[in-house]
Amino acid sequence: MQKERATFIGEARKLLILNHPNIVKIENIISDEENIFLAMEFLIGESVQSYLNRTNRIFSEQHAYNLMRNIFDALETVHQKGMIHRDVKPSNIMICALDQTMKLIDFGNARQIDTHTKSSVVSSGYAPIEQYDPHGKQGTWTDVYALSAVLYRLITGKEPQPSYLRCIQDNMHAPLGMEHGEALMKGLAVQPQDRWQTIGELRAALGNLKTKAISKASSRNRQTKHVRDASYDRPTEYVRDASWDKKTNYIQHDHSVSGEKDDVQVFEQYKKAAESGDIDGMIHLIRCYRKGIGTKKNWKEAWRWSKKVAEITVEAE
């Protein structure tokens, strides 16, 4: 038991060196005599699973890849550091409201790449067969299967068939009309040796699904910026001002009467911008509710606006 504990702590420390914009930051490792905890950065947003549960949405293969392309990058970074995630699934991918990025989370099941048996928590539909086998050899191909399963879920709207059932009767087929269906299904091959072995191989097999989509939210803001600004009073320029960070520092640290009035005015302008559909306004309004700038702290409202931003982000073509 002590050997396993020391091994886990050693592997967890390696996670501290992961530094990627699409990987949740691991702030610290906390342990006592019985437990080990990984302290992660706090994220506001919505998981891909939560979004799918709310919308029942089905994506085109192009859109699904565009949504997940940064997770490809994140996993490649994990693998380059000699680790595998081993629990890639929609509920472990966050759509972050504040910066509209996708982040891979929950590294509690991650392990160092080697040929030895590793116990793991399996997620039905996303865990490959080697994670069910106490003697299964796990590696980068293990995460390839899970990532392919996430793409399959996005494109078909169906949860992938559990891999252990596919050994008995395989009911999974390439999505109808999918240009790169065979490439995706190779990523979902039941036997590890039949799969793409690395994320890079899977990415290459998907071919022309590399075109970066233009965010609807960004184009909407560009198209309506001048019309929307013209309908506001002058203080709304805070929404567009690149020096916002300096102003928020002033607001947070100057608690004079005039400063409090400025806080309220800024909050009202951001709220007005957010209610009109301006995504920048939404993001800053979330910050106001979180920090209590110009209003009382309100995590319920911060969460409500975070979901709106997450929805806009996911729906962007």
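Just the heavy atoms: all of them, side chains too, but no hydrogens, waters or symmetry mates, feed the values below.
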| query | Checking K300 against W303: charged group under 6.0 Å from the ring centre and within 45 degrees of the axis? | reply | no

Working to the nearest 0.5 angstrom, can you tell me the gap between [X] [atom1] and [Y] [atom2]?
X    : Y    : atom1 : atom2 : value
N66  : E61  : CG    : CD    : 11.0 Å
S148 : M185 : OG    : CE    : 9.0 Å
M178 : H173 : CE    : NE2   : 15.0 Å
L75  : T198 : CG    : OG1   : 11.5 Å
I93  : S47  : CD1   : OG    : 9.0 Å
Y65  : H180 : OH    : NE2   : 10.5 Å

Checking [X] now: which residues fulfil side chain to side chain donor-acceptor pair (under 3.5 Å) with it, not counting sequence neighbours?
X    : answer
E41  : K103
E275 : none
Q161 : none
D87  : N92, S123

Report yes if some heavy atom in the side chain of [X] is under 4.5 Å from a heavy atom in the side chain of [Y]; otherwise report no.
X    : Y    : result
V48  : L154 : yes
F59  : L52  : yes
I113 : M83  : no
I71  : L147 : yes
I84  : Q138 : yes
I105 : L43  : yes
L206 : F72  : yes
M282 : L285 : no

Got a donor-acceptor contact below 3.5 angstrom from the [X] side chain to the [Y] backbone?
X    : Y    : result
N109 : R86  : yes
W196 : A204 : no
T295 : G292 : no
Q49  : K89  : no

Exactly one of T77, V78, L104 clears side chain to side chain contact (heavy atoms under 4.5 Å, CB included) with H20, and that residue is T77

I need the minimum non-hydrogen distance between [X] and [Y], along with the two atoms involved.
X    : Y    : answer
A273 : G281 : CB-CA, 4.1 Å
L202 : A183 : CD1-O, 4.2 Å
P192 : Q197 : O-NE2, 2.8 Å
I44  : M94  : C-CE, 4.5 Å
A149 : G125 : CB-O, 3.6 Å

In short, salt bridge (Lys or Arg N to Asp or Glu O under 4.0 Å) pairs touching residues 150-169 with sequence neighbours left out are R153-E159, R166-D170

Here the salt bridge (Lys or Arg N to Asp or Glu O under 4.0 Å) pairs for residues 184-202, sequence neighbours left out, are E130-R195

Just wondering, are more than 12 heavy atoms of other shown residues or ligands nearer than 6.0 Å to [atom1] in [X]?
X    : atom1 : value
E27  : CD    : yes
Q169 : CD    : no
L176 : CG    : no

ring-ring contact (aromatic ring centres under 6.0 Å, His included) pairs touching residues 77-102, sequence neighbours excluded, are H85-F107

Any chance you could lay out the side-chain contact (heavy atoms from CB on, under 4.5 Å) test for N70 and T101, step after step, and finish with the verdict? CA-CA 8 Å; N70 290 333; T101 60; 5.8 Å; no

Residue set satisfying salt bridge (charged side-chain N to carboxylate O under 4.0 Å, His left out) with R54, at least two apart, ordered chain then number -> E46, E311

D106 meets the salt bridge (charged side-chain N to carboxylate O under 4.0 Å, His left out) criterion, sequence neighbours left out, with none

Practice prompt. Start with the C-alpha gap between Y126 and V88, add the side-chain angles, then the distance that decides, and say whether side-chain contact (heavy atoms from CB on, under 4.5 Å) holds.
Written response: CA-CA 7 Å; Y126 300 96; V88 179; over 6 Å; no

Are W141 and L188 joined in one hydrophobic group, where the rule is that I, L, V, M, F, W and Y side chains link up if heavy atoms are under 4.5 Å apart?
-> no

- Message: Determine whether I155 and I58 satisfy the following criterion, side-chain contact (heavy atoms from CB on, under 4.5 Å), listing intermediate values before the conclusion.
- Response: CA-CA 6 Å; I155 294 168; I58 296 176; 5.6 Å; no

Side chain to side chain contact (heavy atoms under 4.5 Å, CB included) filter on S163, not counting sequence neighbours, yields I129, Y132, Y145

One pair to check against side-chain contact (heavy atoms from CB on, under 4.5 Å): K81 and N19. What are the steps and the verdict?
CA-CA 10 Å; K81 299 297 184 181; N19 184 19; over 6 Å; no

Taken in chain and number order and not counting sequence neighbours, the residues that satisfy ring-ring contact (aromatic ring centres under 6.0 Å, His included) with W299 are F42

With sequence neighbours left out, the residues meeting ring-ring contact (aromatic ring centres under 6.0 Å, His included) with Y289 are F267

**Asked** Should K271 and E268 count as an ion pair when the cut-off is N to O under 4.0 Å?
**Response** no

